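See below for the structure under consideration.
Note that the coordinates shown come from a computational prediction; the quantities given were computed from them, not determined experimentally. Proteins come first, then strands; the chains are lettered A, B, ... in the order of their sequence lines, and each starts at number 1.
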Amino acid sequence: MKIYNTLTNSLEEFNTIKENEVNMYVCGPTVYSYIHVGNARPLIVFDTLRRYLEYRGYDVNFAQNFTDIDDKMINRANEEGVTVKELAAKFIKAYEDDAKALNVLPADFKPRATDHIGDIIKMIKTLEAKGLAYKTEDGVYFDTLAYEKYGKLSGRKLEDMKSGARVAVDENKKAPSDFALWKSEKPGEPSWGSPWGKGRPGWHIECSAMSMKYLGETFDIHGGGTDLIFPHHENEIAQSEGTTDKPFVNYWMHNGHINVNNEKMSKSLGNFFTIPDIAEKFDLEVLRFFMLGVHYRSQVNFSFELMEQSNQGLNRLYTAKLRWEDMAQDGSPSDEMKEAVQKAKDSFISDMDVDLNTAGALGALFELVRSANFLLDTSNNGADAKLALDTLNELSDVLGILYRDMRVLPDDVKELAQKRVQARADKNWALSDELRDRINEMGYIVEDTSDGQKVKKK
RNA sequence: GGCGCCAUAGCCAAGCGGUAAGGCAGAGGUCUGCAAAAUCUCCAUCACCAGUUCGAUUCUGGUUGGCGCCUCCA
């Protein structure tokens, strides 16, 4: 298996630290609002990676944090007239609901920054003792000039950054690239006691402290969006390796961003879609399928038109799945089907093995559908249908799709469907067509097959 | 100014040295009460120029056109 490592900017053979075990950490959300389509990408990408690693036999320990204290949290809590804690509770719940709807498996560890203040303080003390941190009036800062390896992830040099026009000027800091480890208390803000006075942790330090606490001082994979490479992940490396003098992470993986109408999503442009916005128009499985259709490192353009295309593609998969379920029987499958299934599996794995090529893997699924349908059209072999179905289920489960039950029908739909069966028996085509249209308007599709009428969700 | 990415059919998208997976949309055939589903057939020389090579969409250089990061951000 190969993984593209941002640290070396190259495709590398994936070797774990412990045999058959993968420890991975993905930066989670700041829980001050509903997540948007962009936030959904790392969720889907790294959940798929986790599923694939498990499929390949690894024991995966997956940690994802919640940032439940920072400027955005404080501002939003004030705006809404609630405490930071209440705000966090509300949006952690919303996040977990969305993750579930996206068929994302729960992380093994879901640490919150505010539950780890002690670990964070301990780490800052070590950095201070090693001369990598210094105290100012408004907090404690990491001394980037004192840490010679600063910039190794992003490939940035401190000199280059100084020439940039947009580096914030701060009188208290020794260098513009220095970042806060601890922020001194301001009136009305939540705070915790520390050797540097009351205050709260800076943003970057929580990920270092919590990831190492749950996964070890050196772990296998750390993921997040490309925008986090600098400064967040760069800073995590500096803090962590500065503290332990050991390599922090072996493989850094970054997913590309999502654009809307070819523009970066932003509130000022108003091209912002939250997950609840999307769920109004499409089942979130469609969003997952849509994202799997593009390599995770590429930028993707989001639009509802593309969602419709994806919905159609997903439907093709579901149609095959339901058809095979109806046909499946125990028995020994034909050599032709065995061969078709093996081919699909091989190509699925060889695609996924190279830096999680989910788009290619999806292609393997569609090829399985075509070749199996072709065989079933003539053979009508129940054992073949079962083999094809089992394979489809196995592979689609790795991608986290085809999990919805498309057969559940509301009573009113069922009733109309029943009437239509009678109408057809009576050869009353006009009534039969009318009923089909009505069922259609309710969001269900009616098909007449050789074994009778089938009704399913659109 | 610094760092980096991308350019494949109407749309989306894999592939990345040996003459282009897959999906959506479209056209035609089979099947069907009609449809739907399924299936078969058809639908691209990979932005442009130059080079390396027996051979390039795939490597190198350049041109043009998009985009991202450098500030909170997935």
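- Between the base of B/rG4 and the side chain of A/Ser154 there is no donor-acceptor pair shorter than 3.5 Å.
- Stacking between A/Phe366 and B/rG22 is absent: the aromatic ring centre is not both under 5.5 angstrom from the base six-membered ring centre and within 30 degrees in plane angle.
- Note that A/Arg316 lies outside the cation-pi zone of A/Phe366, set by a 6.0 Å cut-off to the ring centre and a 45° limit from the axis.
- Residues passing the ring pair (Phe, Tyr, Trp, His ring centres under 6.0 Å) test with A/Tyr318: none are found, sequence neighbours excluded.
- Within the shown strands, B/rA47 is the pairing partner of B/rU63 under the Watson-Crick or G-U definition, both distances less than 3.5 Å.
- When the C1' atom is used for both B/rG62 and B/rG55, the distance is 23 Å, rounded to whole Å.
- In the interface, the side chain of A/Asn39 is not paired with the base of B/rC73 through any donor and acceptor atom under 3.5 Å apart.
- Put simply, the side chain of A/Gln309 and the base of B/rC11 share a donor and an acceptor less than 3.5 Å apart.
- For the pair A/Trp203 and B/rC73, the criterion of a side-chain N or O lying under 4.0 Å from OP1 or OP2 is met.
- Candidate nucleotides B/rC69, B/rA36, B/rC40 were compared by shortest atom distance to the side chain of A/Phe230, and B/rC69 ranks first.
- In this structure, A/Lys2 does not pair ionically with A/Asp353, as no charged nitrogen and carboxylate oxygen lie closer than 4.0 Å.
- Within a 6.0 Å radius of CD in A/Glu96, other residues, nucleotides and ligands contribute more than 12 heavy atoms.
- We find that A/Glu189 and A/Lys183 are not joined by a salt bridge, their nearest charged nitrogen and carboxylate oxygen being 4.0 Å or further apart.
- At a threshold of 4.0 angstrom between heavy atoms, the contacts of A/Ser432 include nucleobase atoms, whether or not backbone atoms are also involved.
- Among the heavy atoms of the strands lying under 4.0 Å from A/His36 is at least one base atom, whether or not backbone atoms are also near.
- Look at the P atom in both B/rC43 and B/rA36: the space between them is 24 Å, to the nearest Å.
- In this structure, the CG atom of A/Leu362 is 11 Å from the P atom of B/rC24, given to the nearest Å.
- Contact annotation for A/Val37: no contact, since no heavy-atom pair falls under 4.0 Å across all strands.
- Residue A/Ile258 is classed as a base contact, given a heavy-atom separation below 4.0 Å to a base.
- B/rU52 is unpaired under the criterion used here, namely a Watson-Crick or G-U wobble arrangement in which both key atom distances are under 3.5 Å.
- B/rG2 atom C1' lies 15 Å from atom CD1 of A/Ile229, rounded to whole Å.
- Cation-pi geometry between A/Lys457 and A/Tyr444 is not met at under 6.0 angstrom from the ring centre and within 45 degrees of the axis.
- RNA chain B is contacted by both A/Arg424 and A/Gly293; A/Gly293 maps to the nucleotide lying nearer its 5′ end (nearest heavy atom per residue).
- Of all nucleotides listed (B/rC72, B/rG68, B/rA74), B/rG68 comes nearest to the side chain of A/Gln299.
- Phosphate contact (OP1/OP2 of B/rG22, side-chain N/O of A/Arg316, threshold under 4.0 Å): absent.
- Within the nucleic acid shown, A/Asp433 comes within 4.0 Å of at least one base atom, counting heavy atoms only.
- We find that the ring of A/His257 and the base of B/rA74 stack, their centres lying under 5.5 angstrom apart and their planes tilted less than 30°.
- Toward the 5′ end of RNA chain B lies the nearest nucleotide of A/Ser371, the other residue of the pair A/Ser371 and A/Asp227 mapping further downstream.
- A donor and an acceptor atom never sit less than 3.5 Å apart when one is taken from the side chain of A/Arg297 and the other from the base of B/rC6.
- For the P atoms, the distance from B/rU60 to B/rC67 is 24 Å, rounded to whole Å.
- Every pair passing side chain to side chain donor-acceptor pair (under 3.5 Å) that includes a residue from residues 381-392 of chain A is listed here, sequence neighbours excluded: A/Ser334-A/Asp384, A/Lys386-A/Asp390.
- In the displayed structure, A/Phe109 atom CZ is contacted under 6.0 Å by more than 12 heavy atoms of other residues, nucleotides or ligands.
- Taking the P atom of each, B/rU41 and B/rA21 are spaced 14 Å apart, rounded to whole Å.
- Considering only side-chain atoms of A/Leu306, the nucleotide from B/rC11, B/rA36, B/rU39 that sits closest is B/rC11.
- Within 3.5 Å, no donor on the side chain of A/Asn357 pairs with an acceptor on the base of B/rG15, nor the reverse.
- Nucleic acid contact class of A/Arg370 (heavy atoms, under 4.0 Å, all strands): sugar-phosphate only.
- Within 4.0 Å of A/Thr449, counting heavy atoms only, lies no atom of the nucleic acid at all.
- Nucleic acid contact for A/Asp448: base, since at least one base atom lies under 4.0 Å from a heavy atom of the residue.
- Considering only side-chain atoms of A/Lys264, the nucleotide from B/rC73, B/rA74, B/rC11 that sits closest is B/rC73.
- A 3.5 Å limit on both hydrogen-bonding distances identifies no Watson-Crick or G-U partner for B/rU19.
- A/Asn373 comes within 4.0 angstrom of sugar-phosphate atoms only, judged by non-hydrogen atoms across all strands, and of no base.
- On a pure distance criterion of 3.5 Å, no polar donor-acceptor pair joins the side chain of A/Arg436 and the base of B/rA36.
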